[in-house]
Trainee: 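Can you keep this structure in mind? I'll have questions shortly.
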Amino acid sequence: MGMPCGPWRGVIEAYRSLLPVTNRTPVVTLLEGNTPLLEAPALSRTLTGGRVRLLLKHEGLNPTGSFKDRGMTVAISRALEAGVRAVICASTGNTAASAAAYAARAGLLCVVVLPHGMIALGKLGQALIHGARVVPIQGNFDAALRLVREVVADRPVALVNSINPARIEGQKTAAFEICDALGDAPHYHAIPVGNAGNITAYWRGYRTYHAEGCTTRCPRMLGFQAAGAAPIVEGHVVPAPETVATAIRIGNPASWQGAVAARDESGGRIEKVTDEEILVAYRLLAEREGVFCEPASAASVAGVAQLARAGYFDTAPPEATVVCTLTGHGLKDPQTAVAALEPPAPVPAELDAVLVAIGF
Ligand code: F0G
């Protein structure tokens, strides 16, 4: 379709005709979207021997630092139009941060139900500072989602998890932007999978753009779960999911069927990556490409590395493009960065000591 001219006005104005809004919908936006699609030449060489062209869709550069803002602008705008006074979500952190920010802008009360002790520090800080009512539970994300579904069943509160169709609709705009930037769809699209809303959204976006005649193909969708939280790969619910990537610490994804459809209809794969593989990719992105994402985001790159090692891209077309979505910013979770590297001990404030510490 091509990007509109003039200043960027957010994903609703950019792709209005393909989104569930009318001219009566009050648009609540923080100018989300229009995120960079970065070449990753060092990773392409290191991980695939230059076999494919690797690109990073840096969703951490959205207003609240994650891809959730694309869906939240649509969900909160629709909630405001519907006349509710409050919104609620379960979250591993990013949905909560985004809902809290957009609700604040819309003048709505926001309630977030979170697994206690399992939310990265930055995300918790965001939910609190935007004025959300934060309810930590002694249970995991899956329990939180069950509870919020019960809360909204007979109350005038809008649910803004990705089971709200407006969320998926908004998130599909990332696929549109990638096609607009490349002039066609990529050959492969790699993405972390938690509650499975985003892989569902991207697949819908790619199919829509193809149906509209904007692209000549759809990519193979490559989804990656954390090994300790890989229900779709294992084929059963995981009752006690565990991973360093707390954003995707989910054992019973709401959009399970959407993820399976994306995989099967696109001829793609859904695989699992270990925490160790995730942390290697996390550091590689930061050290070799200058891109700081949160651990869950690195699952997409870890997955591409794993598939490349197994020879998966050997049959890729020449010049094949692989886009990895980096779903959230590294600053969300500074504790994992510091833990991965151990900050050095302090030295005396003297030149000699500093030179020794530098290694000069
Ligand atoms: N990456 C990050 C950084 C996330 O926050 C999430 C999901 C995912 C990947 C997975 O996306 O759920 O659409 O498959 N975070 C949700 C939350 C669950 O509550 O913030 P998904």
Side-chain angles (χ1 to χ4, degrees), residues 57-62 64-72 75 88-101 112-115 118-120 122-124 126-127 132 134 137 140-145 148 159-164 167-168 170-172 174 190-205 221-226 229-233 241 243-260 262-263 270 273 278 281-282 292-303 324-333 336:
K57 183 65 170 162
H58 195 351
E59 289 289 277
L61 293 181
N62 275 297
T64 77
S66 86
F67 70 96
K68 306 287 181 181
D69 297 343
R70 296 179 182 277
M72 209 54 75
I88 189 169
C89 65
S91 182
T92 57
N94 280 324
T95 299
S98 185
V112 302
V113 181
L114 313 170
M118 288 296 160
I119 306 299
K123 304 173 189 181
L124 187 59
Q126 289 178 288
V134 174
I137 60 160
N140 63 24
F141 170 85
D142 302 294
L145 188 57
V148 296
L159 186 62
V160 294
N161 280 105
S162 58
I163 47 183
N164 177 336
R167 281 275 315 279
I168 304 277
Q171 282 171 212
K172 75 187 179 185
I191 187 167
V193 175
N195 211 25
N198 213 25
I199 189 171
T200 303
Y202 270 86
W203 181 237
R204 188 176 300 173
M221 297 300 297
L222 309 175
F224 299 100
Q225 301 197 289
I232 300 175
V233 179
T243 169
V244 67
T246 52
I248 53 172
R249 188 176 174 272
I250 293 174
N252 187 14
S255 296
W256 191 316
Q257 292 316 317
V260 168
R263 177 192 68 195
I270 296 181
V273 286
I278 288 172
Y282 171 69
F292 188 24
C293 66
E294 63 173 289
S297 305
S300 59
V301 171
C324 294
T325 298
L326 300 183
T327 44
H329 203 288
L331 290 172
K332 294 266 192 182
D333 186 2
T336 297

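Start at 1 with the first residue, then count along the sequence. Just so you know, ligand 1 is whichever comes first in the structure, and atom 1 is the first atom listed for that ligand.
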Trainee: Show, in sequence, the C-alpha distance, side-chain angles and deciding distance for R167 and K68, and conclude whether the side-chain contact (heavy atoms from CB on, under 4.5 Å) test is met.
Mentor: CA-CA 8 Å; R167 281 275 315 279; K68 306 287 181 181; 3.6 Å; yes
Trainee: For atom 7 (C) of ligand 1, which protein heavy atom lies nearest, and how many Å away is it?
Mentor: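 It is K68 NZ, 3.0 Å.
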Trainee: In terms of residue, atom name and distance, what is the protein heavy atom nearest to atom 5 (O) of ligand 1?
Mentor: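 Nearest neighbour among protein heavy atoms for atom 5 (O) of ligand 1, to 0.1 Å: N94 ND2, 2.8 Å.
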Trainee: Around atom 4 (C) of ligand 1, find the nearest protein heavy atom and jot down its residue, atom name and distance.
Mentor: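 Protein heavy atom at minimum distance: A247 CB, 3.5 Å.
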Trainee: Can you check whether T95 has an N/O within less than 3.5 Å of an N/O in ligand 1?
Mentor: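 T95 vs ligand 1: N/O contact under 3.5 Å present.
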Trainee: Quick check: E294 and ligand 1, any N/O pair under 3.5 Å apart?
Mentor: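 No: no nitrogen or oxygen of E294 is under 3.5 Å from one in ligand 1.
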Trainee: Using side-chain heavy atoms (C-beta onward) and a distance below 4.5 Å, is L145 in contact with I250?
Mentor: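 No, their side chains stay 4.5 Å or more apart.
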Trainee: For atom 8 (C) of ligand 1, what's the nearest protein heavy-atom neighbour? Residue, atom name and distance, please.
Mentor: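 Answer, as residue, atom name and distance: I248 CG2, 3.5 Å.
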Trainee: Report the distance from atom SG of C89 to atom CE of M72, rounding to the nearest 0.5 Å.
Mentor: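 With rounding to 0.5 Å, SG (C89) is 6.0 Å from CE (M72).
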Trainee: Given P295, A196, A90, which has its nearest heavy atom closest to atom 14 (O) of ligand 1?
Mentor: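 Ranked by closest heavy atom to atom 14 (O) of ligand 1, first place is A196.
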Trainee: Can you find an N/O atom of G197 closer than 3.5 Å to an N/O atom of ligand 1?
Mentor: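 Yes - when backbone and side-chain N and O of G197 are compared with those of ligand 1, one distance drops under 3.5 Å.
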Trainee: Nearest to atom 1 (N) of ligand 1, what protein heavy atom do you find, and at what distance?
Mentor: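 For atom 1 (N) of ligand 1, the nearest protein heavy atom is T327 OG1, 2.6 Å.
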Trainee: Which ligand 1 atoms does S91 reach within 4.0 Å, using its non-hydrogen atoms?
Mentor: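 Result: 17 (C), 19 (O), 20 (O).
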Trainee: Compare all side-chain heavy atoms of P295 with those of I278 and state whether any distance is below 4.5 angstrom.
Mentor: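 A side-chain contact under 4.5 Å exists here.
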Trainee: At a 4.0 Å threshold, what atoms of ligand 1 neighbour a non-hydrogen atom of V193?
Mentor: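 Per the distance check, 14 (O).
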Trainee: For the CD1 atom of I191 and the CD1 atom of I270, what is their distance to the nearest 0.5 Å?
Mentor: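 Atom-to-atom, I191:CD1 and I270:CD1 are 10.0 Å apart.
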Trainee: Mind checking the CG-NE2 spacing from N62 to H329? Nearest 0.5 Å is all I need.
Mentor: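 So the CG of N62 and the NE2 of H329 are separated by 11.0 Å.
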Trainee: Any N or O on N198 sitting closer than 3.5 Å to an N or O of ligand 1?
Mentor: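 For ligand 1, there is an N or O atom that lies under 3.5 Å from one belonging to N198.
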Trainee: Given side chain to side chain donor-acceptor pair (under 3.5 Å), test T327 with S66 step by step and report yes or no.
Mentor: CA-CA 6 Å; T327 44; S66 86; over 6 Å; no
Trainee: Got S91 and V112 here, is their nearest side-chain heavy-atom distance under 4.5 Å?
Mentor: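 No, their side chains stay 4.5 Å or more apart.
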Trainee: Just need the protein heavy atom nearest to atom 12 (O) of ligand 1, so name the residue and atom and give the distance.
Mentor: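 The answer is N195 N, 2.7 Å.
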Trainee: Of all the heavy atoms in I250, does at least one lie under 4.0 Å from an atom in ligand 1?
Mentor: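 Yes, I250 has a heavy atom closer than 4.0 Å to ligand 1.
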Trainee: State whether the shortest distance between N or O atoms of A96 and N or O atoms of ligand 1 falls below 3.5 angstrom.
Mentor: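 In this structure, A96 places no N or O atom under 3.5 Å from an N or O of ligand 1.
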Trainee: Out of curiosity, M118 CE to N140 CG, how far, rounded to the nearest 0.5 Å?
Mentor: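 Rounded to the nearest 0.5 Å, the CE-CG separation comes to 9.5 Å.
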Trainee: Would you mind checking which non-hydrogen protein atom is closest to atom 18 (C) of ligand 1, with the distance to 0.1 Å?
Mentor: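 Its nearest protein heavy-atom neighbour is T92 OG1, 3.5 Å.
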Trainee: Among protein heavy atoms, which sits nearest to atom 11 (O) of ligand 1, and what does the distance come to when rounded to 0.1 Å?
Mentor: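 Scanning the protein heavy atoms, the shortest distance from atom 11 (O) of ligand 1 goes to F67 CZ, 3.5 Å.
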Trainee: Measuring from R70:CZ to Q171:CD, what's the distance to the nearest 0.5 Å?
Mentor: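 Rounded to the nearest 0.5 Å, the CZ-CD separation comes to 9.0 Å.
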Trainee: Do the side chains of I248 and T92 get nearer than 4.5 Å, heavy atoms only?
Mentor: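 T92 does not reach I248 side chain to side chain.
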